[in-house]
Amino acid sequence: MLRDFARPAKPARAELKARTKEEQAKLAANQMAIKQAKVPVMVVFEGWGSAGKGSVLARVIKDMDPRFFQVVTMAAEPTVEEQRHPFLWRYMVEIPEEGQFKFFDTCWMEEVTSGVFNKTLNEKGYEKRIDSINTIERQLSDNGYLVMKFFFHIEEKEQKKRLDALKESKNTKWRVDKGDLWQNRHYEECFEVYDRYLKDTNRDHAPWYIIDAKDKDNATYQVLSYLNQGIDTALSNRSKAAPIRQNIFPLRKTPLLKDIPLDKEISDEEYKKELKKLQRKLRNLHNVLYRKKIPVIIAYEGWDAAGKGGNIKRITDALDPRGYIVNPVASPEPHEKARFFLWRFWNKLPRTGHIAIFDRTWYGRVMVERLEGFCSENDWQRAYNEMNEFEKELSDWGAVIIKFWVQIDKDTQLARFTERQNTPEKQWKITDEDWRNREKWDLYEDAINEMLQKTNTKFAPWYVLESVDKKYARIKALKIVIDSIEKAIKEK
């Protein structure tokens with residue numbers, strides 16, 4: 001893209017000033033339109049060192065309402081803590097909520113290209129990260145985000161002139177670091193890497209805009225003009241449904257819930273013996289997980305009163321409390337609902353060597369949100385593929401992903417509901433919503449079957465826990481967790 005870049009004609013100084021003022025006023029008005037339409041806007045500034053990103057950004061936001069935008073600067077190298085999370089994690093936690101702008105002074109591009117320059121990212125690693133970036137940008141776009149990406153381009157001589165000028169003054173020489181100087185000395189090498197990255201991540205849903213940054217006034221006008229055009233298009237297209245993507249991941253065969261026998265049981269004596277043995281084994285494996293820095297994600301879904309809580313407790317009883325967290329997932333809070341639906345789960349991912357257990361998960365999108373009308377049909381139909389992509393990203397990171405569906409029959413649920421209602425210390429467990437959901441049992445069963453069939457991947461499999469006998473389900477879950485962890489340790 002940089003090889004083919006042709007500088008746009010530069011207006012005369014007076015005309016440029018007038019056009020810039022007009023675009024700034026339009027952006028201020030568009031900001032309010034974006035707020036009203038609840039469109040989240042992510043603006044990414046990338047480019048050569050000393051290309052003027054910061055000064056142009058200051059001019060772009062000059063007339064905007066500061067209550068409804070933020071500026072975030074992402075370091076090229078993640079911190080030690082950030083390195084213990086997936087590549088995209090530190091960026092995903094920063095995405096804006098609906099109606100807000102967030103300006104990124106560098107984003108994932110710099111981390112990837114820096115990895116190429118310093119040889120910490122090989123060809124396979126580069127291609128994987130490009131795939132991750134293209135996937136997440138597409139997901140954001142499909143979920144209503146406007147993603148605008150600008151690359152500030154200057155020639156080698158212009159960059160050197162600016163760096164020399166900055167170094168001459170004691171008040172500005174701090175702005176020149178070793179990376180900027182290395183980049184200028186290796187301009188052609190950097191040019192090739194940047195050009196490839198721009199080509200590899202230039203997509204219709206998130207295209208690159210190359211900004212001629214030789215003149216900062218003209219660069220400001222270019223950014224404002226493109227940004228306003230992008231906003232106008234996003235506002236006019238916001239009612240259009242995003243395409244439903246075909247699943248590309250291999251799926252495991254899944255039986256229908258009605259075909260799964262629930263007569264599995266275990267004696268009290270055998271249960272106590274197995275529980276003690278398996279918990280001891282899991283406790284030892286937890287230490288190995290930490291040493292080998294393997295993250296584990298255990299996701300629980302199931303019918304109300306199926307026994308998820310007791311099942312989770314038998315797993316956590318075997319774990320070091322410093323190395324796990326249980327995330328109870330309820331209806332999204334307003335700040336969570338105002339973002340991409342997977343955002344709140346990105347925020348709860350474990351560090352390497354730790355275990356995160358989710359009591360209800362992102363699969364609410366295709367169950368309760370689908371059946372209760374909390375999202376559109378297009379939203380939940382897209383979600384199957386988006387969740388598979390999310391889990392593939394985590395699997396490629398090295399996470400062990402175990403998904404449990406805790407299964408009971410309708411009569412068992414009724415008996416447990418009745419017991420809860422008639423037992424004072426258990427009444428907090430039963431709500432009117434539980435009874436309402438029970439009336440939709442058949443609809444939920446259809447949705448669950450579809451969920452299992454479309455998301456039972458080899459890298460993030462579903463396991464059905466037959467929980468009419470809760471003791472049997474607990475032992476089965478422990479065995480599956482242990483087997484999955486042992487396999488991951490062996491492959492590490």
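Side chains included, hydrogens not; waters and symmetry mates left out as well; all remaining heavy atoms used.
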ring-ring contact (aromatic ring centres under 6.0 Å, His included) partners for Trp397, two or more places apart: none
Side-chain ion pair, Glu155 and Arg7, N-O less than 4.0 Å: yes
Pairing residues for Ser331 by the side-chain contact (heavy atoms from CB on, under 4.5 Å) criterion, not counting sequence neighbours: none
side-chain hydrogen bond (donor to acceptor under 3.5 Å, both in side chains) involving Ser132 - partner list, sequence neighbours excluded: Lys128, Glu393
Qualifying residues under side-chain hydrogen bond (donor to acceptor under 3.5 Å, both in side chains), relative to Thr172, sequence neighbours excluded: none
Set of residues satisfying side-chain contact (heavy atoms from CB on, under 4.5 Å) with respect to Lys454, sequence neighbours excluded: Tyr384, Glu450
Charged tip of Arg252 within 45° of Tyr463 ring normal and under 6.0 Å: yes
Results of side-chain hydrogen bond (donor to acceptor under 3.5 Å, both in side chains) for Arg351 - residues two or more places apart only: His354
Contacts of Phe374 that satisfy ring-ring contact (aromatic ring centres under 6.0 Å, His included) - sequence neighbours left out: none
Residues forming a salt bridge (charged side-chain N to carboxylate O under 4.0 Å, His left out) with Arg360, sequence neighbours excluded: Glu301, Asp304
Under-4.0 Å salt bridge between Asp4 and Lys199: no
Asp212 with Lys214: basic N within carboxylate O range, under 4.0 Å: no
Salt bridge (charged side-chain N to carboxylate O under 4.0 Å, His left out) partners of Glu15, counting only residues at least two apart: Arg19
Any residue meeting side-chain hydrogen bond (donor to acceptor under 3.5 Å, both in side chains) with Gln381, in chain and number order, not counting sequence neighbours: Glu377
Matching residue for Phe152 among Lys216, Glu46, Lys53, Gln222 - test: side chain to side chain contact (heavy atoms under 4.5 Å, CB included): Lys53
Residues that Phe68 engages under ring-ring contact (aromatic ring centres under 6.0 Å, His included), provided they are two or more places apart: none
Under-4.0 Å salt bridge between Glu22 and Lys26: no
Which residues share a side-chain contact (heavy atoms from CB on, under 4.5 Å) with Leu235, sequence neighbours left out: Asn30, Ala33, Ile34, Ala37, Val39, Ile231, Arg238
